[in-house]
Amino acid sequence: MESFPVINMENLNGENRAITMDKIKDACENWGFFELVNHGISPELMDTVERMTKGHYKKCMEQRFRELVASKGLEYVQTEVHDLDWESTFHLKHLPVSNISQIPDLDDDYRNVMKEFAVKLEKLAEELLDLLCENLGLEKGYLKNAFHGSNGPNFGTKVSNYPPCPKPDLIKGLRAHTDAGGIILLFQDDKVSGLQLLKDGQWVDVPPMHHSIVINLGDQLEVITNGKYKSVLHRVVAQTDGNRMSIASFYNPGSDAVIYPAPALVGREVEEAGEETYPKFVFEDYMKLYAGLKFQAKEPRFKAMKAMVSTPNLGPIATA
């Protein structure tokens with residue numbers, strides 16, 4: 001099997017741009033994942049985020065997780081667990097309105113660092129969306145505007161720790177799923193592995209790399225690209241040794257954004273037959289459905305959205 005795609009973003013400036021854009025295109029079409037290096041977020045900031053995140057887990061969350069494990073008897077399970085994940089998490093919202101000041105137990109330095117990190121990630125997400133537009137032959141700004149809705153995108157971060165697990169064969173760190181949203185930017189532990197994606201029927205490790213950002217595509221980009229790019233099943237395998245840090249930031253459509261295949265990517269024969277493969281829907285409606293079906297196949301979700309009777313205003317997406 002070919003090696004996991006790693007994109008050096010410095011190569012977008014200069015004579016290697018075309019080759020690098022081809023690598024991004026291939027990763028989007030054939031992997032649904034790729035890893036970025038030299039992405040413009042400073043190693044010093046990333047080191048600070050990692051240090052503070054691991055310190056916060058030790059100080060505020062580790063004992064709670066142990067108590068949860070004990071209360072559910074998870075250390076002694078004898079059969080595979082299908083309704084729980086071996087993870088300790090909290091969620092931050094950045095856009096349209098931040099909730100960082102309301103999250104308990106975060107000290108001010110950590111709050112400020114996570115705010116700074118979110119600003120950098122938001123900028124990187126929007127840069128990546130325009131690179132995808134370029135590869136897809138869409139106008140610059142098309143995807144950003146498709147996500148905009150009336151109040152701009154939803155942007156948030158899931159901060160996770162995956163502690164050592166005594167029964168990794170019976171409990172997943174995170175069960176297999178595709179992501180519901182748009183584009184996901186992951187800062188993961190560079191020493192403890194565990195993230196895997198499904199490619200050609202096999203689970204493939206996403207390699208931990210120092211100071212990299214892992215990118216994966218969500219269901220909304222599959223719809224907007226009319227299946228040219230696919231969201232891909234992935235999971236976290238719990239480990240017996242080491243605590244794995246995962247900071248996943250989700251740049252998603254606004255709640256009232258109307259999602260549908262870009263007309264430029266819909267074949268004329270499909271258009272004339274009126275048999276679109278992908279549905280048109282309001283993003284918030286999709287998320288309500290996804291909440292109960294996250295760990296099931298995405299195709300029935302698309303089918304259910306297609307069956308929903310709604311007539312939103314499907315006017316053209318402004319790119320100015």
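This one's a predicted model, so the numbers in the text were calculated from it and none came from an experiment. We count residues from 1, following the sequence as given.
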Let me see the working for Leu143 and Gln220 under side-chain contact (heavy atoms from CB on, under 4.5 Å), right down to the final yes or no. CA-CA 10 Å; Leu143 290 172; Gln220 307 311 302; over 6 Å; no
OG1-CG distance between Thr48 and Asn112, expressed to the nearest 0.5 angstrom: 12.0 Å
His210 side chain reached by Asp47 side chain, heavy atoms, under 4.5 Å: yes
Going by an N to O cut-off under 4.0 Å, is there a salt bridge joining Glu134 and Arg17? yes
Using a 4.5 Å cut-off on heavy atoms from C-beta on, say whether the side chain of Arg111 contacts that of Asp108. yes
For residues Leu293 and Val223: do they belong to one hydrophobic cluster (side chain heavy atoms under 4.5 Å, members Ile, Leu, Val, Met, Phe, Trp, Tyr)? yes
May I ask you to list the residues sharing a hydrophobic cluster with Val6, side-chain cutoff 4.5 Å, ordered by chain and number? Val37, Met209
What is the distance from atom NZ of Lys199 to atom NE2 of His234, rounded to the nearest 0.5 Å? 16.0 Å
Atom pair CD/CG of Glu80 and Leu170 - distance to nearest 0.5 Å: 6.5 Å
Does Tyr162 offer a backbone N or O that forms a donor-acceptor pair with the side chain of Trp86 under 3.5 Å? no
Within a reach of under 6.0 Å around NZ of Lys23, are more than 12 heavy atoms found that belong to other residues, nucleotides or ligands? no
Strictly distance-based, threshold 3.5 Å: is any side-chain N or O of Asp130 a donor or acceptor partner for the main-chain N or O of Gly141? yes
Do Ile103 and Phe65 belong together in a cluster built from hydrophobic side chains that touch within less than 4.5 Å? yes
Does Asp107 use its side chain to pair, donor to acceptor, with the backbone of Tyr110 at less than 3.5 Å? yes
For His91 and Asn99, the nearest pair of non-hydrogen atoms, with its separation, is O-ND2, 3.8 Å
Please identify each residue that fulfils side chain to side chain contact (heavy atoms under 4.5 Å, CB included) with Asp85, with sequence neighbours left out. Glu87, Leu174, Arg175, Phe295
Could you report the tightest heavy-atom contact between Tyr142 and Ile224, atom names first, then the distance? CE2-CG2, 4.1 Å
Determine yes or no for a side-chain-to-main-chain donor-acceptor pair under 3.5 angstrom, with Arg301 supplying the side chain and Tyr290 the backbone. no
Main-chain N/O of Asp22 paired to Asp26 side chain as donor or acceptor, under 3.5 Å: no
Taking Ser150's backbone N and O only, do any of them form a donor-acceptor pair with Asp256's side chain (distance below 3.5 Å, no angle check)? yes
So, the side chain of Asn161 versus the backbone of Pro163: is there a donor-acceptor pair under 3.5 Å, distance only? no
Under 4.5 Å between any side-chain heavy atoms of Leu138 and Leu265, yes or no? yes
Answer with yes or no whether the hydrophobic clustering places Leu124 together with Tyr251; edges join I, L, V, M, F, W, Y residues whose side-chain heavy atoms lie under 4.5 Å apart. yes
From Ile259 CD1 over to Lys280 NZ, what is the distance, rounded to the nearest 0.5 angstrom? 13.0 Å
Could you check whether any side-chain heavy atom of Leu12 comes within less than 4.5 Å of a side-chain heavy atom of Leu131, counting everything from C-beta outward? yes
Keeping the roles fixed (side chain from Asn252, backbone from Gly182), state whether a donor-acceptor pair exists under 3.5 Å. yes
Rounded to the nearest 0.5 angstrom, the CD1-CG distance for Ile213 and Leu121 is 5.5 Å
side-chain contact (heavy atoms from CB on, under 4.5 Å) assessment of Asn216 paired with Val232: CA-CA 8 Å; Asn216 72 283; Val232 171; over 6 Å; no
Got more than 12 heavy atoms from elsewhere within 6.0 Å of NZ, Lys167? yes
Enclosure of Gln63 CD (heavy-atom neighbours >12, cutoff 6.0 Å): yes
So Lys144 and His148, do their side chains get closer than 4.5 Å, heavy atoms only? no
What I'd like to find out is whether the side chain of Phe302 reaches to under 4.5 Å of the side chain of Asp219, using heavy atoms alone. yes
Salt bridge flag under 4.0 Å for residues Arg64 and Asp105: yes
Indicate if Ile184 and Phe90 have the same hydrophobic cluster label, given that clusters are the connected sets of ILVMFWY residues with side-chain heavy-atom separations under 4.5 angstrom. no
Does CG belonging to Asp169 count more than 12 external heavy atoms closer than 6.0 Å? yes
Does one hydrophobic cluster hold both Val69 and Val81, with members joined at side-chain heavy-atom distances below 4.5 Å? yes
From CA spacing to verdict: side-chain contact (heavy atoms from CB on, under 4.5 Å), Asn154, Phe283: CA-CA 10 Å; Asn154 281 302; Phe283 178 62; 4.2 Å; yes
A side-chain contact here means heavy atoms from C-beta on lying under 4.5 Å apart; do Met114 and Leu106 qualify? no
Around Lys230, counting heavy atoms of other residues, nucleotides and ligands shown, do more than 12 lie under 6.0 Å from its NZ? yes
Looking only at non-hydrogen atoms, find the nearest pair between Ser3 and Trp31 and report the distance. O-CZ2, 3.5 Å
Determine, step by step, whether Leu197 and Phe4 satisfy the side-chain contact (heavy atoms from CB on, under 4.5 Å) criterion, reporting the C-alpha distance in whole Å, the side-chain angles of both residues, the deciding distance to 0.1 Å, and the verdict. CA-CA 10 Å; Leu197 65 93; Phe4 187 86; 3.5 Å; yes
Can you tell me if Lys54 has over 12 outside heavy atoms packed within less than 6.0 Å of its NZ? yes
Apply the side-chain contact (heavy atoms from CB on, under 4.5 Å) test between Leu36 and each candidate in Val214, Asn8, Leu128; give the one that qualifies. Leu128
Close side-chain approach of Asp179 and His177, heavy atoms under 4.5 Å: yes
Residues Arg66 and Glu62 bridged, charged N to O under 4.0 Å: yes
Can you tell me if NZ on Lys228 sees more than 12 non-hydrogen neighbours from other groups inside 6.0 Å? no
Could you state the interatomic distance from NZ (Lys120) to OG (Ser249), rounded to the nearest 0.5 Å? 14.5 Å
Could you label the plane-to-plane angle of the Phe117 and Phe187 rings as parallel, tilted or perpendicular, counting under 30° as parallel and over 60° as perpendicular? perpendicular
I need the minimum non-hydrogen distance between Phe147 and Ile183, along with the two atoms involved. CE2-N, 4.4 Å
Looking only at heavy atoms, which two atoms of Leu186 and Arg244 are closest? And how far apart? CD2-NH2, 4.2 Å
Using modelled atom types only, decide if a donor and an acceptor are shared between the side chain of His56 and the backbone of Met61 within a distance under 3.5 Å. no
Any residue meeting side chain to side chain contact (heavy atoms under 4.5 Å, CB included) with Ser98, in chain and number order, not counting sequence neighbours: Ile100
So for atom NZ, which belongs to Lys298, do other residues, nucleotides or ligands contribute more than 12 heavy atoms lying within a distance under 6.0 Å? yes
When every non-hydrogen atom of Glu222 is compared with those of Ser231, the smallest separation belongs to OE1-N, 3.0 Å
Please check if any side-chain donor atom of His211 sits under 3.5 Å from a side-chain acceptor atom of Asp190, or the reverse. no
